[in-house]
Amino acid sequence: MSTSDSPTPDTRSNFIYDIIEEDLEAGTYGDRVVTRFPPEPNGYLHIGHAKSIVLNFGIKHDYADRADTQCHLRFDDTNPETESPEYVDSIKEAVRWLGYDWEEHEYYASDYFEQFYEYAVKLIKQGDAYVDSLDEEEIREYRGTVEEPGTPSPYRDRSVEENLALFRKMKAGEFEDGAHVLRAKIDMSSPHMIMRDPLLFRIKHAHHYRQGDDWCIYPMYDYAHPLEDAIEDITHSLCTLEFDNNRRVYDWVMEHCLDEDELPSRPRQYEFNRLNLGYTVMSKTKLRHLIEEDLVGGWDDPRLPTISGLRRRGVPPRAIRSFCRDVGVTRSQSRVQIGHFEHALRDDLNPKAPRVMAVLDPLKVTVTNWGEDEIDWIDANHWPRDIDKDETRPVPFTRTFYIERDDFREDPPDDFFRLAPGREVRLRHAYFFTCEDVIRDDDGTVTELRGTIDPDTRGATAPDGRSPEGTLHWVSASQGVPFEARLYDRLFEVPDPDARDKHFTEFLNPDSLNVRQGILEPAVRDLAADQRVQFERQGYFWPDPEDSTPDALIYNQIVPLRDTWGEEEDGLTQEELERRRREKEKRKQRQRKRSLEGKTDPAEYLDDDQRDRFDYFRDALDLSRNDAAVIAGDNALADFFDAAREHYDAPSALANWTVNELLGALKDGRTVEDLPFGPDAFATLVRLVDTDEITTRGADAVFDVLLEDGGAPEAIVDAHDLRQVDDTDALRSTVHSVLDDHPDEVARYRDGKKSLIGFFMGQVMDATNGAANPEVARELLQDELDE
RNA sequence: UGCCCAGUAGCUCAAUCGGCAGAGCGUCCGGCUCUGGACCGGGAGGCUGGUGGUUCGAAUCCACCCUGGGCAACCA
């Protein structure tokens, strides 16, 4: 099944698709879109990886008709100590099973070792890398802490020649593990820990599963990964949020290793939120722990979120794909409810799984008005009427059969409409049955039910039109097939087992596996061995691929049916929702209190000189405390502000623009010195808007041009025709045409949706290229609309 | 007490670079039904983390604060 046949493009768009869209439009990479899935072969894949696979390979499919797309499968095998070919194979199988094809694009980071080495030599020659001979402990100490800057290594200033010689010897195997490392020479006092001279290569005399003993120096992730991407001409390198900090090194490596002309189309890294599923654990080490301690059956235990576990459980790959698309790709951390996953499963299985009957907890029933050896073979549809299929199978009805123990109650509550003494129910596909006798053993446990069927109700409909409330599934005692059912529940009892005080295994759910000896209708023998079926009223199942045999059938429960009777498993009852709402409200109030308490005086962080300036701004210029502090706190900005005042003496207007617009434009690390315009142009702009010659909106447009190309504000105003329109008659006609063009909105506005005024304002402003005097326009609109 | 990221419906996410706060799931009610499933129709649910500011207009821009997460491995 292809992946491009489900969700429509708009439902799967996300910020990464937006970026790709922009790059395609700008031609950053020509018409190429190349992604990659880069697992380290040191463990098995889980559903979290599936999200990444679906994202990366999904892009390949989704843009196939508009771009030259490709998705590489790359094994990031740069650490010989943990990696093995066993994992390579399992990863390849998992990706294939999920429905994706990397074609000829199977790569290994270890194949690039020579190139990593060459790039390192280049860095050394440029003076951008050095061999450090501190030991591990010392390196850590020299690095400093998050609060204190690091100190440079005494080996930091070795000559290029010395570094080169040392590095060659490292490669040649002349040193012990840990004797030296190669480091990037960046900035030991950087506020970003990652930039304090990150390690590039370390010595490891270890056997690599692919390279054997050819190498004894191995590259670090932060160095190797960008180069891998560059070597493969990746365009969009997608990884999870925790690599956000690493992006700085990623960019540094690109900029220092690549040639100038390669930079415009170099790979870029983008981070998205990893998948967090509730009631399970996802980390490799925790999964390994569960297996090594025999707390689960193995990597493919159906309770595990591993790909192999899900596969064995019977989860169809298509359901995983649609789930991964549903959960969304954003930059905000989140935990997805398990119910969401189950919904995706049912949604996929519902139209694909033929219905059969199975009893998992049998209670014997005898029909007293039915012959001992009489068998009625009923032709029963495999599909409910709302599914457009109609294969049938023969179902044998006999004197004794089994029903689910749960489906009988001696003292039924009002809302229980299954079987009870004296009550008539429908036996699915067969007859109406009335319970007349209840047989118990010495303990009082019900062992058998006796009763009669109405022979006129064959096919489970009555000629007189009566219809029992309950319908029960059942299986013939003599013709049914005994089998084992394995029911799975969440592995842990809490949504966040790995984020608590106690060890995560303390929260294991003792009932996560529930084995039942049940009985199955005989027709299942005619189904394909890997056929997923629905056991009516219970859930979706399939035969366990490892343990089930034709003589001893074993079925795994893939997912139970949604059950609206009885307790809510997810605890999402009305009360729970109400409780959560209240909790959220309380949380907000607490936050409000704290945020108010935490407020500081904006002038608090000023030094003495800045303080003087602040006082002047506030007292002589009458600026607000906040604006005065913000401007005074940035010397260059304050100089700019003062210079602007020379050209237009309106301190408060200038301050507003300086703080609210100028500062916003400087967010990307630029300073006022980098701007393509000076204080005079800035002052002119502020004057134009302050004297109502242009509108705020027009000023924004001018400011954008200024930021981009510089120039004279007045010339820009003329060029773009931005002079403010105050003429009431001219505006009135614009207002009229806007209202005429949007009769529906007008009706809704008059119907009470007053917030549409913003919509109309927007239309008027658009129609006038932002030049309409907003106050006049608003008044006119209001007049027309409220008449 | 550094740097980075994120806070929108119970949950997952939207909101065309300042102009109508929406969708799916969940929930509740109704319909249909030989599955307490599926399906169909409808409803409820929001001070867009907070306070100020800029603006005709702020979820979006500015400042400060609050909350959560990440970063100080010779792992990736």
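To find a chain, count down the sequence lines: A is the first, B the second, and so on, and within it residues start at 1.
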Participant: Determine whether Asn773(A) and Asp726(A) satisfy the following criterion, side chain to side chain donor-acceptor pair (under 3.5 Å), listing intermediate values before the conclusion.
Facilitator: CA-CA 5 Å; Asn773(A) 178 329; Asp726(A) 297 314; 2.8 Å; yes
Participant: Starting at the 5' end of nucleotides 70-76 of chain B, put B wherever the base has a protein heavy atom under 4.0 Å, S where only the sugar-phosphate does, and a dash everywhere else.
Facilitator: BSBSBSB
Participant: Hey, would you say the Phe641(A) and Phe617(A) ring centroids sit under 6.0 Å apart?
Facilitator: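 For Phe641(A) and Phe617(A), the ring centres are under 6.0 Å apart.
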Participant: Please measure how far the P atom in rC65(B) lies from the corresponding atom in rG2(B), and state the result in whole Å.
Facilitator: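 Comparing P positions in rC65(B) and rG2(B) gives a spacing of 9 Å.
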Participant: Both distances below 3.5 Å, Watson-Crick or wobble geometry, any strand: find the nucleotide opposite rG41(B).
Facilitator: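 With both distances under 3.5 Å, rG41(B) matches rC29(B).
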Participant: Using purine N1 to pyrimidine N3 plus N6-O4 or O6-N4 for Watson-Crick, or N1-O2 and O6-N3 for G-U wobble, each under 3.5 Å, what pairs with rA21(B)?
Facilitator: none
Participant: To the nearest Å, give me how far apart CG (Leu561(A)) and P (rA38(B)) are.
Facilitator: 7 Å
Participant: How far, in whole Å, is rU33(B) from rC40(B) if one measures between their C1' atoms?
Facilitator: 12 Å
Participant: What distance, rounded to whole Å, do you find between the two P atoms, one in rA63(B) and one in rA21(B)?
Facilitator: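 Pairwise P distance, rA63(B) against rA21(B), rounds to 26 Å.
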Participant: Between Glu147(A) and Glu585(A), which has a closest nucleotide on RNA chain B that is more 5'?
Facilitator: Glu147(A)
Participant: Side chains of Asp132(A) and Tyr142(A): any donor to acceptor distance under 3.5 Å?
Facilitator: no
Participant: For His473(A), check ring pair (Phe, Tyr, Trp, His ring centres under 6.0 Å) against everything at least two apart and list the hits.
Facilitator: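 Partners of His473(A) by the ring pair (Phe, Tyr, Trp, His ring centres under 6.0 Å) criterion come out as none, since no residue qualifies.
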Participant: Which nucleotide, in any strand shown, forms a Watson-Crick or G-U wobble pair with rU35(B), with both distances under 3.5 Å?
Facilitator: none
Participant: Say we look at rA14(B) and rA59(B): how far apart would their C1' atoms be, to the nearest angstrom?
Facilitator: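 One C1' to the other, the span is 12 Å.
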Participant: Got a donor-acceptor contact below 3.5 angstrom from the Arg426(A) side chain to the Glu469(A) backbone?
Facilitator: no
Participant: What is the distance, rounded to the nearest whole Å, between atom CZ of Arg426(A) and atom P of rG36(B)?
Facilitator: 10 Å
Participant: How are the rings of Tyr250(A) and His225(A) set to each other: parallel, tilted or perpendicular (split at 30° and 60°)?
Facilitator: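 Tyr250(A) vs His225(A) ring planes: tilted.
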Participant: Which of these nucleotides, rC56(B), rC20(B), rG37(B), is closest to any side-chain atom of Lys753(A)?
Facilitator: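 Of rC56(B), rC20(B), rG37(B), rC20(B) is nearest to the side chain of Lys753(A).
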Participant: Produce a footprint string for nucleotides 60-67 of chain B: one letter per nucleotide, 5' end first; B if the base is under 4.0 Å from any protein heavy atom, S if only the sugar-phosphate is, - if neither.
Facilitator: -SBSBBBS
Participant: Can you tell me the base-pairing partner of rU67(B)? Count Watson-Crick or G-U wobble geometry only, both distances below 3.5 Å, and say none if there is no partner.
Facilitator: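 rU67(B) is paired, partner rA6(B).
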Participant: Can you check side chain to side chain donor-acceptor pair (under 3.5 Å) on Glu536(A) and Gln534(A), steps first, answer last?
Facilitator: CA-CA 6 Å; Glu536(A) 292 216 43; Gln534(A) 185 196 99; over 6 Å; no
Participant: Take the angle between the ring planes of Phe243(A) and Tyr221(A) and call it parallel below 30°, perpendicular above 60°, tilted in between.
Facilitator: tilted
Participant: Grab the CZ-P distance between Phe541(A) and rG37(B) for me, whole Å please.
Facilitator: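 Distance, rounded to whole Å: 17 Å.
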